[in-house]
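To start, the structure itself, in structure tokens.
Just so it is clear, the values below take in all heavy atoms, side chains as well, and ignore hydrogens, waters and symmetry mates. In what follows, every chain begins at residue 1, and chains take the letters A, B, ... in the order their sequences are listed. This one's a predicted model, so the numbers in the text were calculated from it and none came from an experiment.
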Amino acid sequence: MEGSDPIAALEAAVTAVAGVPVELERPSEARHGDYATNVALRLAGERRQPPREVAAELAARIASLDGIAAVDVAGPGFLNLTVDDAWLGGALAAVLRAGGGFGARSAGAPERIQVELVSANPTGPLTVASARNGAYGDAVARLLEFAGHEVEREYYYNDAGAQMDLFRASVEAVRRGEEPPEDGYHGAYLAELADEPGDPVPRMLARIEAALERFRIHVDTFERQSAVEAEIPDALAAIETYEADGAVWAATSAHGDDRDRVVVRSDGTPTYFAADAAYIRRKFARGFDRLVYVLGADHHGYVARLAALAEMLGKPREAVEVLIYQLVHLTRGGEAAKMSKRRGDVVFLDDFLDEIGVDAARWYLLSRGHDQTIEIDVDLAAERSQKNPVYYVQYAHARIAGVLRNAAGSRPDPAPGAALATEERELVKRLLELPAIVREATARRGPHALPAYSIRVADDFHRFYHHHRVLGSEAEAFRLALCAGTRTVVAVCLDLMGVEAPERM
RNA sequence: GCGCCCGUAGCUCAGGGGACAGAGCGGCGGACUUCUAAUCCGCGGGUCGGAGGUUCGAAUCCUCCCGGGCGCACCA
């Protein structure tokens, strides 16, 4: 792993000198060197020595490390390291050797992980709210796979129960030429479902699956609520329950929940939470080490009760991970667009994709932290699609692909033949950030770091490209290697986001 | 009332203990005999919601307050 992460290797070398873990960061200012660490400031306290004194002592020893051109003590006691060109060349060689696996396999102990995503009931087409769930959940799944875990994507849906009865009744009403029930479903899609005979639910589900595939989300397994409900008695026997007020309760408050939850109503019917219990038990029985739920902010109350269920089933509560994303607010022409499925004025995923495209849609939905609500003016997103930064990044990839096509026959060589220019050094250093970016994005379940980082990569590449000729220059071999490394890094980022890396634009 | 999330540039948002706070869009002004100008370069733009606290050092951590979003079912 460290063999393909030059930064981690350098950090390990400096750590060996300092005696405590060292993290290198990239200073915002060029005069602060290539990499900086505050380790001397941290050590000063425990050594009861002035920080700059500690720094000076460490600097002398770090300066003799392989690849270090200079070490400066700055400010209150920062150590600013400058690496030499040969080190950067070696690092670039490591990127090229790793190829599409650069930054991958960071998981110490690979797990079997299930990511449950979208799980919208098939009572209508997917909306943009589900699109955020899907884009986010799928990106997290891709990150986990990239880290080396075995990941399965699952979609859970209701195929029986009151809402589905109402949905079927709404379709039936349309077939009879009547208005759907007052509290039923009303979209134009009902007419299409009514045109064909039989149960509309499987066809609605097929349409949803097709929309997800178009959105580049492949669901491995679909789980039906009716199948899960059949296992409710077994699940209730496996957890702590008691009777009170004529109902059966699960003792979730003993496991971190605010209160206990009813699992069987006083009329004898099980609650939705009873199905949750059966479902989570079934998931564990299928052999997953970790269960990831991707849920909207309106479900944040589930976190405690699902963890409680895991504990009651004898699993560590950390084995259930509930990822909460904030809601998507859509506006159209300044007016808030309604998101209820029972109204006709919703924005469906397919329409959204028609307007702004799959790449821009995925990029846009992933660009914000999942803890942040998103506001999208649908008209604006469509109108300004050319200005979406996704094209800026894709263009970098296409540009490189073009150069490499034209360079056919010419051999890349990551060893610098001459002193590297500023733009070349900056670009190499940028590429080397990928493993840390990916590790952190994975650990924090925050794929929004990827678009932010890939913009910086594209930025550094476009600047390099503008200032330096690749083909026919004296530095052609090195620059071709730099182009190849950049293409790899951009392609890895785009793939983790589910965005295409085009060869031409 | 209780719980979760969020207040950073005109707008949409990054940054989640370090050195003068960033990007995109929008505004203004420049650059193509060129491997792709979907590019590059420059200018302007900020009480990081407010007040305390911890720290050598706070947009970042803690407390309180203000403002916004979302939840607090024997619904699904």
Side-chain angles (χ1 to χ4, degrees), chain A residues 25 27-29 31-32 36-38 41-42 44-45 50-51 74-78 80 121 123 158 160-164 166 225 244-249 258-259 261-276 296-304 322 324-327 329 364 367-377 380-381 384-396 398-407 423 440 444 446 448-449 451-453 455-456 458-459 461-473 476 479-480 483 502 504-505:
Chain A
E25 59 178 47
S28 49
E29 263 193 85
R31 65 186 173 87
H32 292 145
T37 172
N38 61 0
L41 287 110
R42 299 203 329 264
F78 291 106
N80 293 333
N121 279 340
T123 52
N158 197 343
Q163 285 303 314
M164 302 313 293
L166 191 56
Q225 189 173 316
D245 303 327
V248 180
W249 299 70
D258 315 338
R259 41 164 295 185
R261 306 286 166 180
V262 171
V263 285
V264 181
R265 300 184 188 92
S266 45
D267 68 2
T269 59
T271 62
Y272 190 82
F273 186 65
D276 280 334
D298 52 338
H299 288 77
H300 73 254
Y302 279 53
V303 179
V322 182
I324 299 293
Y325 62 93
Q326 298 298 314
L327 303 179
H329 297 129
Y364 205 98
S367 291
R368 280 83 170 109
H370 56 276
D371 276 342
Q372 192 84 31
T373 53
I374 297 184
E375 232 170 79
I376 302 178
D377 186 319
L380 206 61
R384 303 194 177 175
S385 62
Q386 289 301 311
K387 290 169 182 167
N388 193 308
V390 67
Y391 301 113
Y392 179 77
V393 174
Q394 287 186 317
Y395 183 56
R399 256 186 158 177
I400 296 169
V403 172
L404 296 180
R405 270 195 305 273
N406 295 336
E423 292 81 7
E440 192 178 340
R444 292 171 51 174
H448 68 284
Y453 169 68
I455 286 173
R456 280 181 245 125
D459 206 13
F461 173 75
H462 285 310
R463 187 173 301 111
F464 153 76
Y465 184 88
H466 189 263
H467 289 287
H468 302 284
R469 172 108 200 150
V470 176
L471 300 178
S473 73
E476 177 177 300
R479 288 176 184 164
L480 280 174
C483 284
R504 300 170 196 274
M505 282 179 77

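- Here the side chain of A:Asn388 pairs a donor or acceptor atom with the backbone of A:Val390 at under 3.5 angstrom.
- For A:Arg261, the salt bridge (Lys or Arg N to Asp or Glu O under 4.0 Å) criterion is met by A:Asp257, not counting sequence neighbours.
- Residues passing the side-chain contact (heavy atoms from CB on, under 4.5 Å) test with A:Ala398, sequence neighbours excluded: A:Met505.
- For A:Arg479, the salt bridge (Lys or Arg N to Asp or Glu O under 4.0 Å) partners two or more places apart in sequence, or in a different chain, are A:Glu424.
- Nearest-nucleotide assignment on RNA chain B puts the 5′-proximal partner with A:Arg444, out of A:Arg444 and A:Ile455.
- Within 4.0 Å of A:His468, counting heavy atoms only, lies at least one base atom of the nucleic acid.
- Here A:Ala74 lies in heavy-atom contact (under 4.0 Å) with a base.
- A:Pro389 and A:Ile455 make their closest contact through CB-CD1, 3.8 Å (heavy atoms, listed as atom of the first residue, atom of the second, distance).
- B:A19 has its base stacked against the ring of A:His32, the centroids being under 5.5 angstrom apart at an interplanar angle below 30°.
- Once the 5.5 Å centre distance and the 30° plane angle are applied, the aromatic ring of A:Phe78 is found stacked with the base of B:A19.
- Here the closest heavy-atom approach between residue A:Cys483 and residue A:Phe461 is recorded as SG-CE1, 4.1 Å.
- If you check every strand for non-hydrogen atoms under 4.0 Å, A:Ala396 touches nothing.
- One side chain, A:Asp267 or A:Thr269, offers a donor N or O that lies under 3.5 Å from an acceptor on the other.
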Would you mind building the protein contact string for nucleotides 70-76 of chain B? One character per nucleotide, 5' to 3', B for base within reach (heavy atoms under 4.0 Å), S for sugar-phosphate only, - for untouched. BS-SBSB
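- The shortest non-hydrogen separation linking A:Phe78 to A:Leu41 is N-CD1, 3.9 Å.
- Taking atom C1' in both B:U63 and B:A73, one finds a spacing of 34 Å when rounded to whole Å.
- For the salt bridge (Lys or Arg N to Asp or Glu O under 4.0 Å) test, residues two or more places apart in sequence or in another chain that qualify with A:Arg31 are A:Glu29.
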Go through the steps for A:Trp249 and A:Arg259 under the test side-chain contact (heavy atoms from CB on, under 4.5 Å), then give the verdict. CA-CA 10 Å; A:Trp249 299 70; A:Arg259 41 164 295 185; 3.7 Å; yes
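- Considering CZ of A:Arg42 and OG1 of A:Thr37, their distance stands at 6.0 Å, rounded to 0.5 Å.
- Using a 4.0 Å heavy-atom distance criterion, A:Ala398 is classed as a base contact.
- Looking at heavy-atom distances under 4.0 Å, A:Arg469 makes contact with a base.
- Rounded to an integer number of Å, the gap from A:His467 NE2 to B:A37 P is 14 Å.
- Here CD1 of A:Ile374 is found 10.0 Å from CD of A:Gln326. Values are rounded to the nearest 0.5 Å.
- Contacts of A:Glu375 classified as salt bridge (Lys or Arg N to Asp or Glu O under 4.0 Å), with partners at least two apart in sequence or in another chain: none.
- In this structure, of B:C5, B:U39, B:A23, it is B:C5 that holds the atom nearest to the side chain of A:Asp371.
- Pairs of Watson-Crick or G-U wobble type, with distances under 3.5 Å, assemble into runs of 3 or more in RNA chain B at these ranges: B:1-7 with B:66-72, B:10-13 with B:22-25, B:27-31 with B:39-43, B:49-53 with B:61-65.
- Residues satisfying the side-chain contact (heavy atoms from CB on, under 4.5 Å) test with A:Ala452, not counting sequence neighbours, are A:Arg456.
- Atom CD1 of A:Ile324 and atom NE2 of A:His299 lie 8.5 Å apart (nearest 0.5 Å).
- Rounded to a whole angstrom, the distance from the P atom of B:C5 to that of B:C61 is 11 Å.
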Can you check nucleotides 53-57 of chain B for protein contacts, nitrogen or oxygen pairs under 3.5 Å, and list what you find?
none

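- Across the P atoms, B:G45 and B:A23 are found 14 Å apart, a figure rounded to whole Å.
- Taking atom P in both B:G26 and B:C35, one finds a spacing of 28 Å when rounded to whole Å.
- Summary of the strand contacts: A:Val403 and A:His466 both lie near RNA chain B, and taking for each the nucleotide with the nearest heavy atom, the more 5' one is attributed to A:Val403.
- Taking atom C1' in both B:A14 and B:A21, one finds a spacing of 11 Å when rounded to whole Å.
- Atom CD in A:Gln163 sits 8.0 Å away from atom CG in A:Asn158 (nearest 0.5 Å).
- Remark: A:Ala458 pairs with A:Tyr392, A:Val393, A:Ala396, A:His462 by the side-chain contact (heavy atoms from CB on, under 4.5 Å) rule, at least two apart or across chains.
- The separation of B:G52 from B:G16, taken at their P atoms, amounts to 25 Å, rounded to a whole angstrom.
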So which protein N/O to nucleotides 42-46 of chain B N/O distances come out below 3.5 Å?
none

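- Below the 3.5 angstrom threshold, one finds no donor paired with an acceptor across the side chain of A:Asn388 and the base of B:A38.
- Atom P of B:G46 sits at a distance of 24 Å from the matching atom of B:G30, rounded to the whole Å.
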List, with names and distances, any nitrogen or oxygen atoms from the protein found under 3.5 Å away from nitrogen or oxygen atoms belonging to nucleotides 7-12 of chain B.
residue	atom	partner	partner atom	Å
B:U12	O2'	A:Arg368	NH2	2.2

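- Distance alone, capped at 3.5 Å, places no donor-acceptor pair between the A:His466 side chain and the A:Arg463 backbone.
- When the C1' atom is used for both B:C65 and B:C41, the distance is 46 Å, rounded to whole Å.
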